[in-house]
Amino acid sequence: MTTTNWDYTRLAPAYADRPDYAPEAVDAILRLTGAASEDLACDIGAGSGHLTLPLLERELRVDAVEPNAEMRALGVGRTAAHPSVRWFDGTAECTGRASGRYRLVTFGSSFNVADPSLTLPETARILTDGGWFACVWNHRDVTDPLQSAIEELIVERVPGYSYGSRRADQSTVIDASGLFGQVHALEHQVVHEVDVETWCAAWRSHATLARQAGDDFDAVVDAIGRLVRAGGAVRMDIPYVTRGWTAQVLSKADRP
């Protein structure tokens with residue numbers, strides 16, 4: 001396994017249950033970047049394939065890079081029906097992929113766990129001339145009453161809780177690299193109808209909460225489950241917002 005400071009082994013089994021990105025967000029990335037059928041993409045921090053799969057379904061060829069063996073095994077299984085995917089051990093900072101190869105390099109909920117000072121140069125290295133970088137996250141819409149109540153529960157039980165950079169505007173760090181042109185932001189809403197038990201179980205993949213809650217993580221997740229189940233529903237609608245940023249790599253002559 002490639003070395004990384006983020007170990008998802010314990011969280012991996014719940015990852016497949018996480019809701020998908022808004023389809024409109026994936027379509028917007030391809031429209032902005034011009035990536036199309038048969039183009040080669042590299043999905044970094046691919047995890048269990050939540051972004052890899054929609055790229056494959058839109059007929060891109062995908063090299064998926066994932067450092068955690070358990071997560072990678074999940075991804076391999078979930079994408080097994082697609083012959084145009086290959087899976088590799090590697091990190092965002094050291095992908096192990098060839099230079100100048102990819103039309104599109106993507107990060108699905110993974111750019112925030114990478115070191116941008118190393119990750120963006122590595123991304124620029126493996127992109128083709130005129131290739132594109134894209135990063136996306138799926139955020140629960142915390143203006144929804146139930147999600148607001150969950151946020152209050154988390155803050156009460158994990159004082160000082162913070163989402164870190166995953167909910168931040170990524171434009172500044174991309175611009176600061178000097179490697180990319182204009183940054184384009186995108187935002188698309190999606191409502192997922194979910195099975196309550198499956199959705200509650202998916203909280204066990206919440207790495208940001210797990211790191212900050214520490215030994216109390218299981219107790220916090222159990223409390224979230226009780227709160228959600230108190231409504232008595234078997235299925236429910238959960239609103240999400242998929243946010244992302246894309247930018248085209250500059251030619252070497254155009255870089256500072």
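Everything quoted here is computed from the prediction, not taken from an experiment. Each residue takes its place number in the sequence, starting with 1.
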Validation row: Leu186, Trp245 side chains within 4.5 angstrom (heavy atoms)
no

Can you find a heavy atom in the side chain of Phe107 that is under 4.5 Å from one in the side chain of Gln170?
no

Taking C-beta and beyond as the side chain, do Ile238 and Val191 meet within less than 4.5 Å on heavy atoms?
no

Measuring only between side-chain heavy atoms, which start at C-beta, is Gln147 closer than 4.5 Å to Asp141?
no

Stepwise, does the side-chain hydrogen bond (donor to acceptor under 3.5 Å, both in side chains) test hold for Trp132 with Thr106?
CA-CA 8 Å; Trp132 287 75; Thr106 59; over 6 Å; no

Please report whether the ring centroid of Phe133 lies less than 6.0 Å from that of Phe111.
yes

Quick one: is the NZ or CZ of Arg97 closer than 6.0 Å to the six-membered ring centre of Tyr102, and within 45° of its axis?
no

Only one of Arg157, Arg229, Arg204 passes salt bridge (Lys or Arg N to Asp or Glu O under 4.0 Å) with Asp222; say which it is.
Arg204

Compare all side-chain heavy atoms of Thr119 with those of Ile44 and state whether any distance is below 4.5 angstrom.
no

List the steps, then state whether ring pair (Phe, Tyr, Trp, His ring centres under 6.0 Å) holds for Tyr240 with His139.
CA-CA 5 Å; Tyr240 283 82; His139 301 311; 9.3 Å; no

With side chains defined as the heavy atoms from C-beta onward, is the minimum distance between Arg167 and Val142 less than 4.5 Å?
yes

Can you find a heavy atom in the side chain of Val26 that is under 4.5 Å from one in the side chain of Arg58?
yes

Give the C-alpha distance, both sets of side-chain angles, the deciding distance and a yes or no for side-chain hydrogen bond (donor to acceptor under 3.5 Å, both in side chains) between Ser165 and Asn112.
CA-CA 6 Å; Ser165 64; Asn112 61 295; 4.9 Å; no

Single-linkage hydrophobic cluster, 4.5 Å side-chain cutoff, Ile29 and Trp137 together
no

Can you find a pair of side-chain heavy atoms, one from Asp20 and one from His50, that are under 4.5 Å apart?
yes

Is it the case that over 12 heavy atoms from other parts of the model lie below 6.0 angstrom from the CG atom of Asp129?
no

